Each structure stands twice: as structure tokens, then as C-alpha cells.
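Report on one structure; see the data block that follows.
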Amino acid sequence: MYRNWLRKFPDLPADFSALEKPSDLAAWELSQWLPAHSFTLVKEPDLGDGFRISGSTVTGGETGLLYGVWALLRHMQGGAPLPAESSPRYPLRMINCWDNMDGSVERGYAGRSLFFEGGEFAYDPARIRHLARMMASVGLNVICINNVNVHEPAQGLIAERLPELSALADLFRPFGVRLMVSVDFSMPLREGLPTADPLDPDVQAWWRRTAEKVYDEVPDLAGFLVKADSEGRPGPFTYGRSHADGANLLARALKPFGGTLVWRCFVYNCRQDWRDTATDRGKAAFETYQPLDGLFEDNVILQVKNGPFDFQIREPLSPLLLSMKKTSLALEVQLAQEYTGQQIDLYTMAPLWREIFEDLPQENLSAAAAVSNLGRDENYFGHPLAAANFFGFGLMSWNPDFSPAESVAQWIRLTYDFSAEQADNLKRWMLSSREIYELYAGQLGLCWMITPHTHYGPNPSGYEYDLWGTYHRASRDAVGIDRTEKGTGYISQYPPELADRYRDPETCPDNLLLFFHRLPYSFALKDGCPLIQRLYDDHFEGAELAARMERELTALPFPEPDAGEIARRAAKQRENAQNWRDVINTFFHRLSGVPDARGRKIYD
Ligand code: GCU
């Protein structure tokens, strides 16, 4: 079996009868690596997920022991610095799978679902255990197994399919990983109630009974995840109720069992008229949730996407994350490379998360969640190097101050037997991959030039006259959206210092310039370069770098099957980058009529 960064570790045993809990597994992992007597494991339940390592003793809570052992193993095998003690910043470190029970994966780029096929549970227990082991090795502790867009038969996960859910939970349990399920807000209707109104006593009683049945079968379920009133999903708005009413309904049902209700804040009008220049989709989440701050039960976590739109290559931090002082929050990022190359183009995310975590107030952040990049492909991730994103997300949701360079270096050392020079070369390309992708697919904060629906490849007008609220409004003279008070007013959702910085094009970082401003093509950027010229230059440079990256990556001695997978993808990325270059440059050249100052080929 393909084992990613655990490839140098021994196979898991086939028989798990003696490995029921994380501390059992901690002892087993250690015994495979070190003579049993050289390290002692001491359980100190109060430490929870945390651990201490001193001399030859690892002290930790039930799960802390396992994380402590993995810290030790990553140190020995991957050269990671060994902490004397450590505990995670966020109690919940979650993977959100968008798997459907028919076996498809929404925005999945690594094959079909690891859990489902043909409307049924269908999985290989050995692969599930290996996935759980990968999660434990980097401190991840919750996996939501089904798509946030819940359709039949997935509603049944908290009804007639509970025994099967329980069997899957048994596989994850020894690894300290708890299951979560996405549920449908209108579920009471399916079960024969006339309404799903959160203030209706029968609906409340129904959710309480349901939670009881769920926890009878899976006593350690982490909780429910909900997408409501978003992109066609049902929600409390149907009954004229607020999202606090909706979230609290479910939270109260889960509370007696210690369950958490994770409520997503991805709510906006997805039927906008492009002619309407006043409505700004970016404002929607703040407008919906900020007034509700303080009204949620204490077991509610609001899960907010990192940016105000939808996982674009670069967005400013969502203002909602900066403004909910009395509510627990989860940061949501996307490992699935929906808009960022679909696990064909190389895109290493740790540098992005560093930026996000740096700007994020930490006080009421209690969880980090990532939309999964997993699938049934042999290597789990499609692109062999995309595994580093899963790995890095684990390390950084444990410790958001963790260095991106160290996370990538550690992953390379665990995964490949490269010389120091080869490893450095790979690390350099991985760490610069985001900027390379950004150069050809969306620089200066310009988003939404991507092909609609598939979200792969360039199509600058694709979303321009559509109903999704995602416009760049490029014209003959100017491009971008004015989001200052003179425009849509989005900027006023930020705390004053940040708003001041973004408001002035002179102080707004160039890489967000066209997100916040509408500017003429002649506008001089910080280095004096006219905006239109930068658009051309970046696309030429991005395509050149993608070609160079292909040459250098394919010269590295990756073992098979990685070598072939990487070479195929790097070649496709080179073609993509050229295509982006030509389509976008031609688009702007036709609109503006401005020639490239360096006379390079732009098609008419
Ligand atoms: C994006 C994505 C959808 C997904 C949605 C979400 O819009 O394209 O596939 O359902 O995000 O986060 O809920």
C-alpha cells in the first residue's frame, strides 16, 4: 500500500484487537521503532492532547501519548525539532470531506470517495486505518466524512445508517480521530414532521431524540456540520428565523452528549444580477453573522472561510474572522485545489496559512478545518506533492506559528531519500509554487477569471455576466472593483487600521490592489510599472517559471510511481500556464489596446 510520508514506517498490524485506544497505539508505534525498554510512556489524563518528552519518558493524556510518540518518530525519521512539551492551539483540528454516497467527491481531484460507492458505505479498512494513522501522525483529530451539501441517501447517516457509521468510527478511534457528519437542516421533514422550524417544539424534540440515538451508536461523535441557506441548501431563513436560532436548535440537542455544532458561514446571494453594482457578495457573511455575535450556545462553532469569497488564490482575510468577539470560530481552508490547479498544478499551501494565521486574532478561534484533498487514488492525493498540504495543515493547526519552510522540509525528508541539494531544490519549488500559480492565474487580487463550474483554466468573461456575484468588471479603461466607501463599502467591515491600509491604493498591498480598487490601466504600481504592463509581465513570467519548474522537477530522482505522476502533471501545468498567459494577455490587450512594452507575442 502507498504510504505517503509514512512510507519508511512499518505496516500497521492486521489484527487490532489489542489496539483499542490511542495509548495502545502509541505503545505499538514506539515498539516498532525502539527497543521497548528505552522509552517509557506515562499517562497523565489531564494533559489531554498535550505531551511532555523528557529523557526517555513521554508523558501525555490518552491522545497526548500518541501525539508525543509521533513527535518523537518525526524527529528521528524526519529530523523535526523535538519539543520538550507541546499541546495544540485548537482543540478541533478537522478534515472536512465533501464525499457523496454515490462515490463522487465534490471538488475532488484524487479519485472517488474513500468511504462510499453506489449509495452505500464501501471502503477498505486497511486504507481507512492508514488514513487515520496519517492524521494522527500530524495531530489531526476529527474527520467529517460526507459532503456539506447533504443529499439522499446521506441523510440516513444519522438515521438508518447509524450502525455503519459506528463501524467506521471504530476504525478511526484507536488513532484519536473522531467522526463528524454533515446533516441536512430540513431532516425533520424527511422523517414525517410538517416543518423544520427551529422554534417549533416538535422539531426541537425530534432533534433531541435523534441526537440520543446517534450517541447511543457513536458515543464519541465529534458533532454535526451544517451548511444552511447557502447555494440552495435548506435553512432557518425558510421559517423567518435567524442563523442563531438554527444553530442553537442543533447545539442544544448535541450538548448533553458533549457534541459540537459546526455551522458554516458561507452564506450569500447566489442569484445576483451582474448589472447590480451595489451588491457585493464579499459583504454577505459579515452582514448575516456579525449582528448575532454573542447569541450562540457555547457548543456552537461558526466556521468561516479564510476569505470573503471562495478560496481564491489570494483574498484578504474575511472580516468576519476579525469581528466575532463573543462566538467560537473555526477557520476553514481548502486543501482540495478547486481554484488552484486541481492537484495537477503544483500549489503548496503552507505559506498561505502562515499569512492567514499571522493576521488572525487567536482568542476565540477554537478549531481549524480543511476541505479534504483526499480520494481513492493509490496515493490518496492525486498529485504526490499535494500530500504535503495535508501534512502541513496538520502541523499548522496544531501550532499556527509553525514555519512553512520547516513543514515542507520535514515532509520531503520523511517522503523521499534525497540529497540535501535535491531536497532544497524541491523545497524551493514547493514554497514558490503559490506565487507561480498566482502569476499566471490571478495576480493583483484579480479573481474569477477561471472557467465557470469546472474552475479549471482561463475564461475571463465566464463569470462576468452570471449570477454568482463574482465580477472583475474589466473595461476599455479600467479593471477591478471599488470596495471602498465610494464603491460597495465592503472595506468598512474591517477594523479601522486595516481599512485605512486597504483604502489607499498607495498603501494597499499590490497583490490585493484590484480586489479593493478599480484602477485605470495606466495606474503606476509601487515600483512604477503601469498596471497593464504588470498584467502582461506576470503572465509571461508565470508561464516561463512553470516551464522551468517542469525541467527541474523532472530532473529530481523521484521513485516510481511518483516520478511519472509528477512529470505528467508538470507538463500539463506548463501547458496550462501558457494557455492562461495567452488568453488573459489577449483579453486585456483587446480591451485596452495597449501594446506590451517589451514587444512579446500577444495574440490579436
Ligand atoms: C464552492 C464550491 C462548491 C461548494 C461550496 C461550499 O462554491 O464550488 O462546490 O459546495 O463552495 O463551500 O459549500
Side-chain angles (χ1 to χ4, degrees), residues 94-110 112-113 144-151 154-155 180-186 224-235 237 243 246-247 261-272 280-282 284-286 288-289 301-315 318 320-321 329-343 347 349 356 367-375 393 441-442 447-457 459 462-463 466-471:
M94 311 189 278
I95 296 297
N96 291 178
C97 300
W98 285 358
D99 292 27
N100 299 311
M101 288 198 71
D102 66 3
S104 62
V105 179
E106 179 149 336
R107 310 304 176 185
Y109 311 105
R112 293 180 69 76
S113 168
C144 184
I145 57 166
N146 64 310
N147 191 356
V148 287
N149 299 307
V150 187
H151 301 287
Q155 271 111 323
M180 186 173 270
V181 277
S182 297
V183 303
D184 179 345
F185 191 79
S186 67
F224 294 163
L225 174 64
V226 183
K227 171 177 178 176
D229 290 317
S230 168
E231 300 182 335
R233 303 317 304 141
F237 287 164
H243 274 219
L261 191 268
V262 183
W263 187 270
R264 297 178 80 231
C265 297
F266 185 58
V267 172
Y268 68 99
N269 172 13
C270 65
R271 306 205 64 80
Q272 201 184 316
D280 184 352
R281 167 173 164 178
F286 184 98
T288 307
Y289 293 99
I301 296 182
L302 294 187
Q303 184 163 302
V304 186
K305 289 192 182 186
N306 62 279
F309 275 85
D310 191 11
F311 303 131
Q312 297 304 288
I313 183 74
R314 194 177 291 271
E315 296 183 42
S318 164
L320 193 59
L321 287 166
L329 297 177
L331 169 74
E332 180 178 314
V333 298
Q334 194 185 37
L335 297 174
Q337 290 174 232
E338 176 179 355
Y339 296 95
T340 50
Q342 308 202 346
Q343 285 142 250
Y347 176 41
M349 299 176 180
I356 294 172
V371 177
S372 154
N373 57 350
L374 293 163
F393 175 71
C447 309
W448 305 109
M449 293 206 160
I450 207 148
T451 304
H453 314 300
T454 63
H455 299 164
Y456 195 68
N459 185 346
Y463 272 122
D466 215 329
L467 37 71
W468 296 92
T470 47
Y471 315 114

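Both ligands and their constituent atoms are indexed starting at 1 by order of listing. This structure is a prediction, so every number in the text was calculated from the model and none was measured.
Val150 has its side chain out of reach of Val183: every pair of non-hydrogen atoms, C-beta onward, lies at least 4.5 Å apart. Counting heavy atoms from C-beta on, the side chains of Val333 and Met349 never come closer than 4.5 Å.
Close N/O approach between Trp98 and ligand 1 is not found [any backbone or side-chain N/O within under 3.5 Å]. Ligand 1 has a nitrogen or oxygen under 3.5 angstrom from a nitrogen or oxygen of Glu106. Ligand 1 has no N or O atom lying under 3.5 Å from any N or O atom of Glu332, backbone or side chain.
Remark: aromatic rings of His455 and Tyr463 are close, center separation under 6.0 Å. Between Tyr339 and Trp448, the distance separating the two ring centers is shorter than 6.0 angstrom.
Of all protein heavy atoms, the one lying nearest to atom 5 (C) of ligand 1 is Glu231 OE1, 3.4 Å. Of all protein heavy atoms, the one lying nearest to atom 2 (C) of ligand 1 is Glu338 OE2, 3.3 Å. The single protein non-hydrogen atom nearest to atom 1 (C) of ligand 1 is Asp310 OD2, 2.9 Å, given as residue, atom name and distance. Nearest protein neighbour of atom 11 (O) of ligand 1, counting heavy atoms only, is Lys305 NZ, 3.1 Å. Among protein heavy atoms, the minimum distance from atom 13 (O) of ligand 1 is reached at Lys227 NZ, 2.6 Å.
No donor-acceptor distance shorter than 3.5 angstrom exists from the side chain of Asn146 to the backbone of Ala154, with no hydrogens or angles considered.
For ligand 1, the atoms sitting less than 4.0 Å from at least one non-hydrogen atom of Phe266 are 5 (C), 6 (C), 7 (O), 11 (O), 12 (O), 13 (O), numbered in the order shown with element in parentheses. Of all atoms in ligand 1, listed by their number and element, those nearer than 4.0 Å to a heavy atom of Arg107 are 2 (C), 3 (C), 8 (O), 9 (O).
Rounding to the nearest 0.5 Å gives a distance of 5.0 Å between SG of Cys270 and CH2 of Trp468. Note: Leu321 CG to Asn306 CG = 8.0 Å, rounded to the nearest 0.5 Å.
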Given side-chain contact (heavy atoms from CB on, under 4.5 Å), test Thr340 with Phe311 step by step and report yes or no. CA-CA 9 Å; Thr340 50; Phe311 303 131; over 6 Å; no

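Of all the heavy atoms of Val371, none lies under 4.0 Å from any atom of ligand 1, so neither backbone nor side chain is involved.
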